[in-house]
Amino acid sequence: MVRPRNVVDRGSFALRRWQGQQDFAAAFTLIEESLAHLRPWEPWVARHDEEHTRALLNRCDTWWASGEVYTYAITEDGAPVGMCQAVRAGEPGGRRVGYWLHPAATGRGLATRAVAALAEEMFALPEVDHLEIVHDRANTASAAVPRRLGFTELRREPAALPLAPAGSGTAVVWRLNRPQDATGA
């Protein structure tokens, strides 16, 4: 099975595969410092603690090996400032993309550039023919990313439970199909 690269270097930032427990301190600190920023939009934040972070990092290794989920730290100057991932989900050939940033890293287009880099990696995999992004209708910052990258809004549907505290209850689903000139086209 073809895998994405462990490190996707874009000069001003990089995506770096989370490396299990050796990344615990960095991942835990990143999440801790981002809790207030993430709490309105991410229901998993309510479960955040050391045990949850360790379990997440263990699953990252297992998921990567199986090809189920590819999870990256978004880094600047080697330091994690966010996370992004691509999960096998939905229709065959699809991956669902998720992303978030530390509050100090927002407002500079970094999430958009990170998702663009992740999309390139995913479309280099022969089995991936489309990507989806799902966010709450009220999360306008998350909505800007797929819009800037040329995703098409597919539908609006009831949000998955549990709802995030600031959630509207409506999820917006966006899709980007494999570019014609990408691998496997």
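As the structure is a prediction and not an experimental result, all values here were calculated from the model.
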Subject >> Approximate separation, where rounding is to 0.5 Å, of Phe123 CZ and Asp129 CG >> reply: 8.0 Å
Subject >> Cluster check Leu101, Leu35: I/L/V/M/F/W/Y, side chain < 4.5 angstrom >> reply: no
Original post:
For the residue pair His37 and Pro40, what are the closest heavy atoms and their distance?
Top reply: O-CD, 3.6 Å
Subject >> N/O donor-acceptor pair under 3.5 Å between Arg88 side chain and Gly67 backbone >> reply: yes
**OP:** Consider only side-chain heavy atoms of I, L, V, M, F, W and Y, link residues closer than 4.5 Å, and tell whether Leu149 and Leu125 are in one cluster.
**Re:** yes
Subject >> Leu154 reachable from Val134 in the ILVMFWY side-chain graph, under 4.5 Å edges >> reply: yes
Original post:
Quick one: are the ring centres of Tyr72 and Trp18 less than 6.0 Å apart?
Top reply: no
Original post:
If we only count heavy atoms from C-beta on, is the Arg54 to Phe24 side-chain gap below 4.5 Å?
Top reply: yes
Subject >> Minimum heavy-atom distance Gly169-Leu163, with the two atoms named >> reply: CA-CD2, 3.8 Å
**OP:** Provide the closest heavy-atom pair for Arg17 versus Asp23 in the form atom of the first, atom of the second, distance.
**Re:** O-OD2, 4.0 Å
Subject >> Test item: Glu132 and Phe151 side chains (from C-beta on) under 4.5 Å apart, heavy atoms >> reply: no
Original post:
What closest approach, in Å, do Pro80 and Leu30 show between heavy atoms, and which atom pair accounts for it?
Top reply: O-CD1, 3.7 Å
**OP:** Please report the shortest heavy-atom distance between Ala166 and Trp41, naming the atom on each side.
**Re:** O-CZ3, 3.6 Å
Original post:
If you group Ile, Leu, Val, Met, Phe, Trp and Tyr by side-chain heavy-atom gaps below 4.5 Å, do Leu56 and Tyr70 land in one group?
Top reply: no
Original post:
Between Leu110 and Glu76, does a side chain to side chain contact (heavy atoms under 4.5 Å, CB included) hold up when you go through it step by step?
Top reply: CA-CA 10 Å; Leu110 183 56; Glu76 288 185 310; 3.9 Å; yes
Original post:
Do the side chain of Thr106 and the main chain of Pro103 share a donor and acceptor less than 3.5 angstrom apart?
Top reply: yes
Original post:
Can you tell me if Asp136 uses its side chain to pair, donor with acceptor, with the backbone of Ser168 under 3.5 Å?
Top reply: yes
Original post:
CZ of Arg147 to OG1 of Thr112: how many Å apart, nearest 0.5 Å?
Top reply: 11.0 Å
Original post:
Less than 4.5 Å apart, any side-chain heavy atom of Val45 and any of Trp100?
Top reply: no
Original post:
Less than 4.5 Å apart, any side-chain heavy atom of Ile31 and any of Met83?
Top reply: yes
Subject >> Arg3 side chain vs Trp64 backbone, donor-acceptor pair below 3.5 Å >> reply: yes
**OP:** Answer yes or no: is there a donor N or O on one side and an acceptor on the other, between the side chain of Gln21 and the main chain of Leu57, under 3.5 Å?
**Re:** no
**OP:** Please test Val145 against Val97 for side chain to side chain contact (heavy atoms under 4.5 Å, CB included), starting from the C-alpha separation and ending with a verdict.
**Re:** CA-CA 11 Å; Val145 173; Val97 174; over 6 Å; no
Original post:
Is there a side chain to side chain contact (heavy atoms under 4.5 Å, CB included) between Thr53 and Glu50 once you walk through the steps?
Top reply: CA-CA 5 Å; Thr53 301; Glu50 287 188 22; 5.9 Å; no
Subject >> Arg95 side-chain N/O to Glu68 backbone N/O, donor-acceptor pair under 3.5 Å >> reply: yes
Subject >> Straight-line distance of Asp61 CG to Arg59 CZ, nearest 0.5 Å >> reply: 11.5 Å
Subject >> Minimum side-chain heavy-atom gap Glu32-His48 below 4.5 Å >> reply: yes
**OP:** Hey, could you give me the CZ/CE distance between Arg96 and Met122, rounded to the nearest 0.5 Å?
**Re:** 15.5 Å
Original post:
Sub-3.5 Å donor-acceptor pair from the side chain of Tyr99 to the main-chain atoms of Ser142, do we have one?
Top reply: yes
Original post:
How long is the span from the CZ atom in Arg175 to the CD1 atom in Ile133, to the nearest 0.5 Å?
Top reply: 12.5 Å
Original post:
In Å, rounded to the nearest 0.5 Å, how long is the span from OG1 of Thr152 to NE2 of His130?
Top reply: 12.5 Å
Subject >> Residue pair Leu118 / Ala86: nearest heavy atoms and the distance that separates them >> reply: CD2-N, 4.2 Å
Original post:
Stepwise, does the side chain to side chain contact (heavy atoms under 4.5 Å, CB included) test hold for Val87 with Trp63?
Top reply: CA-CA 9 Å; Val87 178; Trp63 288 332; over 6 Å; no
Original post:
Cut-off 3.5 Å, side chains only: do Trp174 and His135 have a donor facing an acceptor?
Top reply: yes
Original post:
Considering only heavy atoms from C-beta outward, does the side chain of Glu120 approach that of Val8 to under 4.5 Å?
Top reply: no
**OP:** Decide yes or no for Arg156 and Arg137: does some side-chain heavy atom of the first lie under 4.5 Å from some side-chain heavy atom of the second?
**Re:** yes
Original post:
Just checking, any donor-acceptor pair under 3.5 angstrom between side chains of Thr75 and Arg16?
Top reply: no
Original post:
Below 4.5 Å, heavy atoms only, C-beta onward: do Glu121 and Leu15 meet side chain to side chain?
Top reply: no
